[in-house]
Protein chains: 4
Amino acid sequence: MHKRGFASDNNSGVHPRILKAMADVNHGHVAAYGNDKYTAEAIERIKGFFGKESRVFFVFNGTGANVLGLEALTKPWNSVICAETSHIHSDECGAPEKFTGCKLLTLPTPDGKLTVDLIKKHMHGFGFEHHSQPGVISITQATEMGTLYTPDEIRVIADYAHTHGLHLHVDGARICNAAAALDVSFREMIKETGVDLLSFGGTKNGLMYGEAIVFLNPSLADNFKYVRKQGMQLASKMRYIAAQFNEMLKNNLWLENALHANKMASLLAEQVCSLSGVRITQKVQINGVFAQLPPEVIPPLKEEYFFYLWNEETYEARWMTSWDTTEDDILGFTRLLKEMTGSPQG
Amino acid sequence: MHKRGFASDNNSGVHPRILKAMADVNHGHVAAYGNDKYTAEAIERIKGFFGKESRVFFVFNGTGANVLGLEALTKPWNSVICAETSHIHSDECGAPEKFTGCKLLTLPTPDGKLTVDLIKKHMHGFGFEHHSQPGVISITQATEMGTLYTPDEIRVIADYAHTHGLHLHVDGARICNAAAALDVSFREMIKETGVDLLSFGGTKNGLMYGEAIVFLNPSLADNFKYVRKQGMQLASKMRYIAAQFNEMLKNNLWLENALHANKMASLLAEQVCSLSGVRITQKVQINGVFAQLPPEVIPPLKEEYFFYLWNEETYEARWMTSWDTTEDDILGFTRLLKEMTGSPQG
Amino acid sequence: MHKRGFASDNNSGVHPRILKAMADVNHGHVAAYGNDKYTAEAIERIKGFFGKESRVFFVFNGTGANVLGLEALTKPWNSVICAETSHIHSDECGAPEKFTGCKLLTLPTPDGKLTVDLIKKHMHGFGFEHHSQPGVISITQATEMGTLYTPDEIRVIADYAHTHGLHLHVDGARICNAAAALDVSFREMIKETGVDLLSFGGTKNGLMYGEAIVFLNPSLADNFKYVRKQGMQLASKMRYIAAQFNEMLKNNLWLENALHANKMASLLAEQVCSLSGVRITQKVQINGVFAQLPPEVIPPLKEEYFFYLWNEETYEARWMTSWDTTEDDILGFTRLLKEMTGSPQG
Amino acid sequence: MHKRGFASDNNSGVHPRILKAMADVNHGHVAAYGNDKYTAEAIERIKGFFGKESRVFFVFNGTGANVLGLEALTKPWNSVICAETSHIHSDECGAPEKFTGCKLLTLPTPDGKLTVDLIKKHMHGFGFEHHSQPGVISITQATEMGTLYTPDEIRVIADYAHTHGLHLHVDGARICNAAAALDVSFREMIKETGVDLLSFGGTKNGLMYGEAIVFLNPSLADNFKYVRKQGMQLASKMRYIAAQFNEMLKNNLWLENALHANKMASLLAEQVCSLSGVRITQKVQINGVFAQLPPEVIPPLKEEYFFYLWNEETYEARWMTSWDTTEDDILGFTRLLKEMTGSPQG
């Protein structure tokens, strides 16, 4: 088994600069639970990206960020509209329902992206007490399918949400990859499009743990500190989460890591797209490649480079690249796949 | 402000050996969510302390360990019997009630310790559907008041719990300090006394984050992986939690740190117990000292060495020492307190 | 506005025999909360229909029966598979999610009926902690679309559920109409097909309030009395619910009422099926008729006989008949519709 | 066993006028779920008692009224301060915790009554996220111990609550008995004292089922219809609850019933207070008498007239009278008790 496969960007380790930054704050006592200067600095840095009036809270992980974020935006009798493939629906073991009490209303999509036309299916029953009241639209940027919303597409959904009294939540587990790919600032992509709340992830981009909840709409954050504590997501030694965000956001480390991971996925797609029996099934916009493969190559290929099948029935694989994926990793993998598929060696 | 105060053992940083161990696992890709060799090793180490049949799950923090542990032991119509001063009642913003749906039934205690005599107050209404059914007794070892249960005291409570169909949960945020102070093994203190589930904490003993839930009664753990995921406490890059536990449990680092912190508290108590107007209010058994102070010394003293008042009305302070507290810290602090209280210099 | 419309079978009143039975138990004191002889008798009667080993609990209403029934069958990390049109998904304002913590996984259906083929879509992710674990299949008999499962169809779903470790729940808000239409006993339809739990409704069939939860699988009922109390569904003066069930189940009142309502729907369907612009969209199997109408007749028709549009976009109406619907009601209504549609008078 | 014991006022039946009123609305179809003229009338009647700006919602029972009322007043990170003997703490199987997620903070009291001095114990930790934030003070009028708050006492608590940003909830399961005993209007006792929300009970005063939630502070009711539906407490055939309230509030039936029950308790107290070995332990202010008895008389006495021991250790009985208790019931019972205690026959 090679050291680095394509199973997930969270199979990678921690960027050395991040690890060093964590060691750099490791001296002396500081107040626990975020009342320390490192946390204050990290919050200011994030506000620098999203606007001074935004409000920022650190939590442990993406599930925590998404679920507690939704708790801040809803009452239990609300519904949350999301894609069938969204992480909040498919990969959090019902955590949103358990903690918020809300109903998730899902929509099938070809590419993981919601549109107003799709959303309309669930926009009814307002004021009718028998019906969970639509309260939040939740999108993922970049999506779980590796695709992207343009800022304009986000703005259209945000406007639609607000016109109907809903909030817009963005699961940003790969928000850095999205911003890098679109070559837009966080502010343009999130703040200026009208997003209400962002789960700002870093773990898939070289951090160890920790996620930021960014309230673009600050009035929604008033009691959030209680939600975070009751939600079991308040870290005592907060400085070590803060140190990671400080480093990631300094000197463009977030961008460097994301650009690199994206580039590796492009390279991978470029290398495999013309192989016999290989069909790329989604646009390759960030650090993921979805591809159908000849069934017989899957087991031996997985033995060399671990990855997951996204859809076992259609033999569709998901390959994720990471901040630490190398050109050699890609070339070694594609060389093997070429052999296995009997494609002519390029 | 001096670098190290006595506010809390989680104001301290991370032990250098722990930090190094985290760096040592930082290479290559490993499967996420705990399916990696470091996690397997850490689990085996913990089983080595608690028994092969025990089952171990890592979570992010103590709130998570306590709340998800209680979820594993209860149905929503159960009650949890605990001390009024217990962390689960007083310091988790209602997290147990929100997540488990259970009622917490509290008992006033002189020293943070439950006894069967105290517990009996809430042991009624069995089979009566109007009454939350007692399901768990939860104790803290060492207690939030810095006091200890002997293994025999734990055994008596465990036997009583089991006789009545209840489970015994131990909040072990300071379990290392307890074992160090009592000079008993975890097995003697926890496994052999009949405890069903332990929140095994390390953050207050030199770790960065991460807590282990140890099921001494393995049949209770069957579905716990779902509880942890739905409870938002499943870390993706689990190896960095595992690395900390591996290091803490190797070569007795846990014991070294705990013994040191305990010793510093003893020294502190020894130094201040005879000062004018100072009255130590709880037995000093681990790394905390509770003491009433002359009101006028509190503000200036806190300016030099930060600490919290446990009880503002009685001017009772709580001083916590840590793995990194030095003799100089203690002596500097007590020298200042001597001056302030006008006590003769020793 | 005519006194009786076709809006819902719960717009009707209470059958006179039911009301009399309630008055008949209105003397003297009896123990509250179901510890009375009337309740004991009602439970015995229901067991007579479903089997001696079944266990029976009364609650206030159908929402309570469905939600608490699902609570008895699940852990919060389970999912419940149901039709998109099911009452538990569409008409209970998220009550199942709030109380059980479970995720509802929905399926579009042409006629409100699940099949194993449809259900398979959601039968994956077993043992994978990121995925809500399928725990219950919930069907409605008769469905919200007025259609019926044959006993064989139920048996196939039950077998499939059990083979995969799931339970089968039946929402029986119109179970009496179903049994009457199919001319089978409750035992054949529910007990012998392998259903685990039934919400046995009476309110739509001439009762005032009260619903029975019938555990065909008695081992699931062991702690249900606590679930009911904590679920706010334990009536103090239970005898008045019991009196209703006793009367309904004596001398076939349940059957008489259901047969009548069903017959009225058949008559209605027969009368309107050939009218210009009227298209019956679902099989008419119980006491409901679904029909598309010429848009222009809807407002004036609703002014005379109140009913709801099931689908505003397709001008599809839902007409429910009731135990108290008369032939004159049907003929008056269809005469009006004939006039409005310009159909030749029959 | 005599027909009427003293076990509970909900062991009694339904007042004949109430039953007749229910029959009187039993004709024709009306809209379900409270959109009918009887419900509108009942709401207007209740507003007539509590003020035009109040908002009124019917639910099934007292547990529902209390729990959903608390849900309307809280966020899950709030605490609810109440007496240790309060029904919401002691007799609802943890329903408030399960549904609201809140912590209940209890206070021992001599007589079931909270005072500001007692409440202060729990009024700390404001703004401190580790601590459940005090959100509601809940009192019971009349209390579970049969005692009463004067309007002035309620006003003092309401003012204190509001000064500190809390709401005041009143569990009014026996509010009619209280108003009757105090000879004050509901408006003086509840509205003018500053209560925010009342659970207005009738079942213990001659109704069959149904309770009203009265928001004196109407802004808190804006989304309550969703809370009620999701809380499983929305009755479909609402007219039968409305009919009961309409009748109870017409021509002073509520007052007549309550005065009678109260009078019976006074008579009972008067008859037994001087018997050998009998000690009345609480003021007899409404329809309950608490009394310690010679242990040996309890079993034979309970065989003739059923009642509950309030405290098994102190041989303290609770005797509740009801709207249908007769002078003969009292005299028969006291005659028996006289004999059993060997007291001289009066």
Side-chain angles (χ1 to χ4, degrees), chain C residues 2-8 10-16 19-20 22-23 25-33 36 59-64 66-68 91-95 97-99 203-204 207-210 225-237 239-241 306 322 324, chain D residues 2-8 10-14 16 19-20 22-23 25-33 36 59-68 91-95 97-99 203-204 207-210 225-237 239-241 306 322 324:
Chain C
H2 287 244
K3 269 201 284 190
R4 283 184 296 273
F6 302 97
S8 176
N10 61 26
N11 285 16
S12 64
V14 177
H15 192 280
L19 203 61
K20 180 173 180 309
M22 298 170 84
V25 299
N26 192 40
H27 50 83
H29 281 204
V30 304
Y33 302 114
D36 66 275
V59 294
F60 283 116
N61 66 349
T63 310
N66 284 332
V67 172
L68 301 192
D91 292 287
E92 292 179 355
C93 199
E97 286 91 343
K98 171 84 168 79
F99 196 79
T203 308
K204 293 178 195 295
L207 300 198
M208 185 186 285
Y209 69 106
K225 65 179 178 175
Y226 306 115
V227 172
R228 177 173 61 175
K229 177 63 191 178
Q230 194 178 31
M232 305 174 273
Q233 290 276 329
L234 178 61
S236 57
K237 296 187 175 177
R239 60 172 131 167
Y240 301 97
I241 295 180
F306 191 62
S322 177
D324 66 348
Chain D
H2 287 244
K3 270 202 285 191
R4 283 184 296 273
F6 302 97
S8 175
N10 61 27
N11 286 14
S12 64
V14 178
L19 204 61
K20 180 175 181 307
M22 296 172 84
V25 299
N26 192 40
H27 50 81
H29 281 204
V30 303
Y33 302 114
D36 66 275
V59 294
F60 282 115
N61 66 348
T63 310
N66 283 334
V67 172
L68 301 192
D91 292 287
E92 292 179 354
C93 199
E97 287 91 344
K98 172 85 168 78
F99 197 78
T203 307
K204 293 177 194 295
L207 301 197
M208 185 186 286
Y209 69 106
K225 65 178 178 176
Y226 305 115
V227 172
R228 176 172 61 174
K229 176 65 191 178
Q230 194 178 32
M232 305 174 274
Q233 289 277 330
L234 178 61
S236 57
K237 296 187 174 175
R239 60 173 131 166
Y240 300 97
I241 297 180
F306 192 61
S322 177
D324 66 349

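Throughout, protein chains are lettered first and strands after them, A, B, ... in sequence-line order, and every chain is numbered starting at 1. Because only heavy atoms are used, hydrogens play no part in the values below, and waters and symmetry mates are left out as well, while side chains stay in.
Closest approach of D:Ala95 to C:Gln230, counting heavy atoms only: CB-O, 3.3 Å. When every heavy atom of D:His29 is checked against every heavy atom of C:Asp324, the shortest pair comes out as NE2-OD1, 2.9 Å. Scanning both residues, D:Leu234 and C:Asn61, for their nearest heavy atoms gives O-ND2, 3.3 Å. When all heavy atoms of C:Ala32 and D:Asn10 are compared, the pair lying nearest together is CB-OD1, 3.2 Å.
For C:Phe60, the parts sitting under 4.5 Å from any heavy atom of chain D are the backbone and the side chain alike. For chain D, the nearby part of C:Asp91 is the backbone; its heavy atoms alone come within less than 4.5 Å. Using a 4.5 Å cut-off between heavy atoms, C:Ile241 does not touch chain D at all. Contact annotation for C:Ala23: both backbone and side-chain heavy atoms come within less than 4.5 Å of a heavy atom of chain D.
Both cation-pi conditions hold for C:Lys98 and D:Phe99: the charged atom is under 6.0 angstrom from the six-membered ring centre and inside a 45 degree cone around its axis.
Looking at C:Lys229 and D:Thr63, their side chains come closer than 4.5 Å, going by heavy atoms from C-beta outward. Inter-residue side-chain proximity for D:Met232 and C:Val59 is flagged as unmet; no heavy-atom pair is nearer than 4.5 Å.
Not counting sequence neighbours, D:Thr203 has no partner by the side-chain hydrogen bond (donor to acceptor under 3.5 Å, both in side chains) test. Judged as a ring pair (Phe, Tyr, Trp, His ring centres under 6.0 Å), and not counting sequence neighbours, D:Tyr240 has no contacts.
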